Structures are given as structure tokens and as C-alpha cells.
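First up is the structure itself, then whatever we jot down about it.
All values derive from a computational prediction rather than experimental measurement.
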Amino acid sequence: MTTHAPQAAQAVTLPTTLDEAVAALTAMPAAVPVAGGTDLMAAVNSGQLRPAALVGLGRISEIRGWQYQDGHALLGAGLTHARMGRPDFAALIPALAAAARAAGPPHIRNAGTLGGNIATAAPTGDALPVLAALEATLIVAGPGGARREIPVSHLLAGMEMLRAGELIGYVRVPLLHAPQVFLKATGRTGPGRAVASVALVLDPARRGVRCAVGAIAPMPLRPLDAEHWVAQLIDWDHRAIVPEALHAFGEYVAAACIPDPAPAEDGSVPQLPPAVLHLRRTVAALARRALGRALS
């Protein structure tokens with residue numbers, strides 16, 4: 001499992017149902033759940049983690065697919081990035097499919113899972129800004145067959161956390177049947193970790209815009225004022241917007257997520273460091289392009 005040959009885990013459990021997995025975690029509080037293992041094994045290989053026990057989730061078939069439920073898609077936490085990147089899923093939730101295809105090289109996409117991306121909550125997780133923009137909800141499985149719901153944004157912000165023995169079972173995502181876009185900038189050509197990412201979805205029924213910016217903060221950021229402002233400038237009957245408003249939206253989003261420094265005691269306003277200024281320009285460009293593509 002690792003090139004550095006750490007101490008072997010004391011126990012490995014391979015449940016076949018979600019409730020069995022929860023029972024295993026309840027019986028072994030020190031156990032660590034593992035699905036794709038793309039983040040877990042990196043931590044093991046680097047010596048940052050030595051799990052006393054593992055609960056493998058790969059045999060739980062019920063969380064490896066999806067179903068329709070009251071205008072929503074109920075996505076299993078075991079869905080891999082590779083599966084979400086396929087055309088049939090892309091027709092369902094385009095932005096999440098785009099994020100899955102951008103998640104990394106094939107071996108990462110084949111192993112990494114939706115639930116793992118959420119539970120790890122790495123700032124560069126590509127699925128996270130999409131789920132924030134879609135205002136997705138987690139269905140968490142707990143001991144004794146208990147189920148509870150948590151907004152994804154609450155978990156990522158630390159407002160609500162998983163309790164002992166709990167597992168993310170499903171992700172409920174509203175089906176908006178409208179354009180969705182996910183874009184990201186990386187530090188190199190080809191698949192790589194995001195320097196900045198933007199997820200943008202249109203909600204024509206409510207004449208709304210939802211936008212989330214990822215990778216630049218510990219959790220995805222929602223520029224709510226920018227969303228409300230630009231929604232009023234869109235011609236929803238023709239899905240059009242004037243170029244000046246499109247450009248201003250990008251600047252609005254970037255300034256909301258990477259604000260100017262506070263004034264100094266003498267009243268002067270410090271300048272952003274060049275690297276931060278470049279990042280703000282990157283966010284502005286991504287937001288502008290995302291809205292442009294969604295309306296095109």
C-alpha cells in the first residue's frame with residue numbers, strides 16, 4: 001500500500017452495505033474509512049498518517065450510482081471522477097462532470113470519489129465549488145440506521161461536522177436543467193491542482209445566478225452580492241448580457257473574493273502583492289468566461 005513500508009494496519013474491514021460500514025466505524029473509533037484512497041495513501045506514504053484500522057468502502061454498491069428523487073439527483077458518495085465524467089452524467093450535471101474530468105490524470109480519476117473529495121475538503125478539490133454553487137446537500141449515515149442532512153457548504157465551513165461513526169452516503173443535487181460551467185486555472189499545462197477555479201450555474205426558473213470560487217481559500221467562496229447584481233442585468237428571455245456588464249461581473253467576483261487591503265493608520269491603502277494581484281486577475285477572467293459561456 002505504500003512505498004515506505006509503514007506499520008501495517010491492525011485491521012481491515014470490507015463491508016458491503018453503508019450501515020455495515022457505519023457499524024464497523026462505531027466498533028473501531030480509530031478506524032479510517034477509505035474509498036479511492038488518493039488522498040489517504042498520499043498521507044500514508046508521506047508518513048503523516050498511520051491508521052490503526054481501515055474500513056474499505058469499495059464493495060458498497062449502493063453508493064456507486066445515482067438516482068432521481070423529486071427534481072434532484074441523489075449521487076452516491078462512491079461515484080468516481082471517471083464515472084462522473086462520462087457523457088450520460090454530463091447531461092445530468094454538466095459542471096460536476098467538467099470538474100470530474102479536470103480532477104487529474106486517469107489513475108486519479110479512476111480511483112478518486114465524490115465523497116472522498118468532500119470529506120477530505122482540500123481547498124483545491126475540483127468538485128467543491130460546483131457543489132457549493134449548486135447548493136448541494138449531504139445525506140449522512142449514522143449508527144443505528146440514522147440519516148441526517150447537512151448542506152455541503154456547512155460541512156466545508158466547519159459549521160456542522162461528521163460525528164463519530166458517521167459516513168457521507170449520498171449527495172443531493174438539484175437538477176436545474178440550465179447551463180452550468182466549471183473552469184479552473186492550474187500552474188502548469190495539462191491536469192493539475194487548481195490555482196483558482198470557478199463554478200457557475202444559471203437558475204432560469206428563479207432568474208438567478210450562482211457562482212462559487214475554489215482553491216483560493218480553505219473553502220469555496222460565494223460572492224452573493226455579485227450574483228444578485230448580475231442577475232438583474234441579464235436578459236433572461238434571450239439569455240444575453242452586455243459586454244460591459246460581463247466584464248464588470250468578473251471584477252466584482254474577484255474583488256469580493258480577494259478584497260483590497262484595509263487602509264493603514266495614515267489613511268493610505270497598501271497595494272496587493274504582485275502574486276495576489278495576479279490571482280485576482282485570474283479569478284476575474286475565470287468568472288467572466290464562465291458567465292459568458294453559460295449565456296452563449
Side-chain angles (χ1 to χ4, degrees), residues 15 17-26 29 31-36 38-40 55 57 60 62-81 84 92-93 95-96 99-100 103 112-176 180 182 197 199 201 203 206 208 210-215 217-224 227:
T17 70
L18 195 55
D19 287 330
E20 286 179 5
V22 169
L25 289 172
T26 303
V32 176
V34 55
T38 55
D39 291 314
L40 174 66
V55 176
L57 309 179
I60 305 178
E62 64 188 284
I63 61 172
R64 299 184 69 84
W66 71 82
Q67 57 185 295
Y68 299 100
Q69 185 184 77
D70 301 326
H72 292 70
L74 194 63
L75 312 178
L79 276 169
T80 64
H81 299 303
M84 291 188 291
L92 191 70
I93 313 173
L96 192 53
T113 63
L114 177 62
N117 212 219
I118 299 168
T120 301
T124 54
D126 291 321
L128 304 186
V130 178
L131 296 174
L134 289 169
E135 299 180 348
T137 302
L138 304 177
I139 298 179
V140 176
R147 299 289 187 271
R148 69 186 182 104
E149 296 191 15
I150 306 175
V152 169
S153 59
H154 285 199
L155 180 69
L156 298 178
M159 297 169 60
E160 295 186 64
M161 304 300 291
L162 295 180
R163 301 165 186 164
E166 288 188 329
L167 276 173
I168 299 171
Y170 303 92
V171 183
R172 180 182 286 122
V173 178
L175 296 176
L176 300 178
Q180 305 174 8
F182 171 80
S197 61
V201 299
D203 188 351
R206 299 179 181 178
R210 302 183 199 166
C211 177
V213 179
M219 62 183 182
L221 304 177
R222 286 280 302 276
L224 298 178
E227 293 177 2

Taking Gln67 for its side chain and Leu74 for its backbone only, find out whether a donor-acceptor pair lies under 3.5 Å. no
Smallest heavy-atom separation, Pro129 atom then Phe182 atom, equals CG-CE1, 4.1 Å
Which distance, rounded to the nearest 0.5 Å, do you find between the CG of Asp203 and the CG of Leu134? 10.0 Å
Atom pair CG (Leu114) and CZ (Arg64), whose distance is rounded to the nearest 0.5 Å: 12.0 Å
Does Pro15 offer a backbone N or O that forms a donor-acceptor pair with the side chain of Glu20 under 3.5 Å? no
Between Arg222 (side chain only) and Cys211 (backbone N and O only), is there a donor and an acceptor less than 3.5 Å apart? yes
Distance, nearest 0.5 Å, that separates CD1 of Ile139 from CZ of Arg147: 9.0 Å
Note, Ser153 side chain near Met219 side chain (heavy atom, < 4.5 Å): no
Please walk me through it: do Leu75 and Leu96 pass side chain to side chain contact (heavy atoms under 4.5 Å, CB included)? CA-CA 11 Å; Leu75 312 178; Leu96 192 53; 3.7 Å; yes
Tyr170 and Glu62: CA distance, side-chain angles, deciding distance, side chain to side chain contact (heavy atoms under 4.5 Å, CB included) verdict: CA-CA 10 Å; Tyr170 303 92; Glu62 64 188 284; 3.4 Å; yes
If you look at every heavy atom in Leu92 and Ala73, which pair is closest and at what distance? CD2-CB, 4.0 Å
If every non-hydrogen atom of Pro220 is compared with every non-hydrogen atom of Leu156, which pair is closest and at what distance? CD-CD1, 3.7 Å
Output for pair (Asp126 CG, His81 NE2), nearest 0.5 Å, gives 7.5 Å
Nearest 0.5 Å, please: how far is CG in Leu176 from CD1 in Ile93? 9.0 Å
Taking all heavy atoms of Val173 and all of Ala136, pick out the closest pair and write down the distance. CG2-CB, 4.0 Å
Between Thr113 and Ile63, is there a side-chain heavy-atom distance shorter than 4.5 Å? no
Rounded to the nearest 0.5 Å, what separates atom CG in Leu138 from atom CZ in Arg172? 10.5 Å
Locate the shortest heavy-atom distance separating Ala24 from Val55; write the atom from each residue and the value. CB-CG2, 4.0 Å
Over all heavy atoms of both residues, which pair between Gly165 and Pro143 is shortest? Give the atoms and the distance, please. O-CD, 4.3 Å
